[in-house]
Amino acid sequence: MTRIFTTDLPAHVGEQVSLAGWLQSLRRMGGITFLVLRDGWGTAQAVIETEDSLQPLTAANALPESLIRVTGTVQANAAAPNGCELHHIAIEVCVPISEAAPIPLGKRTITAGQNTILDHAMIANRHVSRRATLRLSAGIMEGFRASLRERDFTEVQTPKIVAAATEGGANVFALDYFGRTAYLAQSPQFYKQMMVGIFERVFEVGPVFRAEPHDTTRHINEYVSLDVEMGFIEDHHTVMAVLRAVLHGIMATLQRSYAADLAVLELALPAVPTEIPSIHFAEAQTLIWRETGQDVRSEPDLAPADERWLGAWAQRTFGSDFLFVTGYPMRKRPFYTHPDPARPAFSNSFDLLFRGVELVTGGQRLHRYGDYLAALEHAGLAIEPFAPYLETFRYGMPSHGGFAIGLERLVMQLTGVSSIKLATTFPRDLHRLTP
RNA sequence: GGUCCUGUGGUGUAGCGGCCUAACAUGUCUCCCUGUCACGGAGAAGACCGCCGGUUCGAAUCCGGUCAGGACCGCCA
């Protein structure tokens, strides 16, 4: 008997089939017992009406999470979950488990606290709700890739072991590289720009590493960056339009192919407006000052509280979960940032807030060799460590720009989990290196 | 790095100087139950209240230290 997946059960009504997976729960009602089996895709119910069919489980003393194989006849039944269930079954216990799991997985919601979940992530993530959250992460990557391929972008992979800290200042993890010091890449920024010189339009899905000792619900030290970079742009608005289309594509992919996971989490996807509302950094500060009385106008950046306020403002003013903040001050942006030709103290850059959290950073980059030399000098940085990067511009680069979406932040904001650590399988934070 | 908060059976919580010989829910075990879907009902086992020290006639409860965790800020995706 070939195994089918639990999700394919409705297509086999009337047939004899075999399911394999984990015993999720066993509800004994006396003369009738309901068994729920979970495989990698979903769950299915089997009905046991004789003590004989139950015998293999009781004989093996099999608790939930035991691996079992269930063979039986698929019957349509309105009272069954998903409308069908297995009857007249034979159970084979493949791997009996007689110790209760550290976290009960058979309940609708997980009762364990964050630390317990993370300590037992390999088990806790089996829970259907955790699994749905993590699968949405896969769906986001799928939608991201599909949207960009559709727009003639080429997927690239750039080195994660690098010789120098790319963007001055931020902390990097050092490692021993055959006796030399190397670093884990904190961003594919330089490489994706170099690759614009090769493919014009590139994107990358890959890990980045931040050695910053931050300890908040929206920071982890290793995360997945969804990076995009493209040539021949007008200015940062060209990039923002691509970002809008990509977000739309991601949501469309989730709606189309991840409906089951959305249903498990009872989630409604945010609408991506045709035109995402946008506010200039300076206007945003003035607005906050006028509306809240908090004068943040001399600050070079928006504080998390400001971002939360702006997110709520965008929601009530435009009915949008998304808000672009453009034109961050040059002094807060990395040296390769392109200034606003009309107001050189401000940059042609943007952040995208999603429900009040910074989700994306992007903008236009410098593209002339001379501008880079001047920018490095202005930033007080030596030219020598940047020599390979600068060679790109020395031999001709078009105007270009791009952005980076924080994958886990998108998952967090989309699903509403209380911490970014719950938006990834095995988070790395200040204290956690295992599992 | 700064500020604040929390550690109680496997899990999640209540109790916050004597009613604590530590309560409730869930999980585990035994029994009853033929349509459950967080099944229901009856019973049982399971915790020296994170650890060390102090205050007190008396500490899960107050204080100090220590270890572990969490929230916010700085910084960022």
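Below, chains carry the letters A, B, ... as their sequence lines are ordered, and counting in each starts from 1. Below, each value reflects all heavy atoms present in this structure, side chains not excepted, and no hydrogens, waters or symmetry copies.
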So, OP1 or OP2 of B:C76: does either fall under 4.0 Å of a side-chain N or O from A:Arg333?
no
Using the ring of each side chain (for Trp, its six-membered ring), is A:Phe350 parallel, tilted or perpendicular to A:His236, with breaks at 30° and 60°?
parallel
Less than 5.5 Å between centroids and less than 30° between ring planes, does A:Tyr223 satisfy that with B:A77?
yes
Would you measure the distance from the C1' atom in B:G9 across to the matching atom in B:A71 and give it in whole Å?
27 Å
Parallel, tilted or perpendicular: ring planes of A:Tyr328 versus A:Phe281, cut at 30 and 60 degrees:
tilted
With heavy atoms under 4.0 Å as the rule, sort A:Glu99 into base, sugar-phosphate or nothing.
nothing
Roughly how many Å apart are B:U55 and B:A42, using the C1' atom of each and rounding to a whole number?
47 Å
For B:A14 and B:G50, measure between their P atoms and round to the nearest Å.
14 Å
A:Gln45 side-chain proximity, nearest of B:A38, B:G35, B:G12:
B:G35
Would you mind reading off the distance between A:Leu35 atom CG and B:U34 atom P, rounded to a whole angstrom?
18 Å
Quick one: closest heavy-atom pair of A:Ser147 and A:Val246, and the distance?
OG-O, 3.8 Å
OP1, OP2 of B:U26 versus side-chain N and O of A:Lys107: anything below 4.0 Å?
no
Ring centers of A:Phe386, A:Tyr372 separated by less than 6.0 Å:
no
Check whether any side-chain nitrogen or oxygen of A:Lys332 sits under 4.0 Å from OP1 or OP2 of B:C76, and answer yes or no.
yes
Give every pair of a protein N or O atom and an N or O atom of nucleotides 65-70 of chain B that lie under 3.5 Å apart, one pair per line with the distance.
{"unit_1": "B:G69", "atom_1": "O3'", "unit_2": "A:Asn115", "atom_2": "ND2", "d": "3.3"}

What is the distance from CE of A:Met412 to P of B:C76, rounded to the nearest Å?
17 Å
Scan A:Ile420 against the nucleic acid and name what it touches under 4.0 Å (heavy atoms): base, sugar-phosphate only, or nothing.
base
Residue from A:Arg131, A:His127, A:Arg130 passing side chain to side chain contact (heavy atoms under 4.5 Å, CB included) with A:Leu105
A:His127
Identify whether any heavy atom of A:Leu63 sits under 4.0 Å from a base atom; if not, whether one sits that close to sugar-phosphate; answer base, sugar-phosphate or nothing.
sugar-phosphate
Over all heavy atoms of both residues, which pair between A:Thr181 and A:Ala174 is shortest? Give the atoms and the distance, please.
CG2-CB, 4.0 Å
Provide, to the nearest angstrom, the distance between the CD atom belonging to A:Glu212 and the P atom belonging to B:C73.
16 Å
Base, sugar-phosphate, or nothing: which does A:Ala80 touch, judged by heavy atoms less than 4.0 Å apart?
base
B:G27 C1' sits how many Å from A:Ile123 CD1, rounded?
15 Å
Provide, to the nearest angstrom, the distance between the NE2 atom belonging to A:His127 and the P atom belonging to B:G12.
14 Å
Rounded distance in Å between the C1' positions of B:A59 and B:G15
14 Å
Whichever of A:Pro102 and A:Thr216 has its nearest RNA chain B nucleotide further upstream toward 5'
A:Pro102
Out of B:C37, B:C73, B:U11, which has the shortest distance to the side chain of A:Pro81?
B:C37
Under 4.5 Å between any side-chain heavy atoms of A:Ile279 and A:Trp313, yes or no?
yes
Could you tell me the separation between the CG atom of A:Leu26 and the C1' atom of B:G35, rounded to a whole number of Å?
15 Å
Mind checking whether A:His400 and A:His367 have parallel, tilted or perpendicular rings, split at 30° and 60°?
perpendicular
Regarding A:Ala79, tell me which of base, sugar-phosphate or nothing describes its non-hydrogen contacts under 4.0 Å with the strands shown.
base
Looking at A:Asn125 and A:Thr425, would you say the former's side chain and the latter's main chain have a donor-acceptor pair under 3.5 Å?
yes
For A:His87, answer base if it contacts any base atom (sugar-phosphate contacts may also be present), sugar-phosphate if it contacts only those atoms, and nothing otherwise; contact means non-hydrogen atoms under 4.0 Å.
base
I need the residues from residues 345-361 of chain A with at least one non-hydrogen atom less than 4.0 Å from RNA chain B; give them sorted by number, or say none.
A:Glu358, A:Leu359, A:Val360, A:Thr361
Verify the ring-centre separation between A:Tyr389 and A:Phe190: is it less than 6.0 angstrom?
yes
Short question: side chain of A:Lys192, backbone of A:Phe403 - any donor-acceptor pair under 3.5 Å?
yes
A:Arg28 CZ to B:G40 P, in whole Å, measures 16 Å
Quickly work out the A:Leu430 CG to B:C72 C1' distance and round it to whole Å.
15 Å
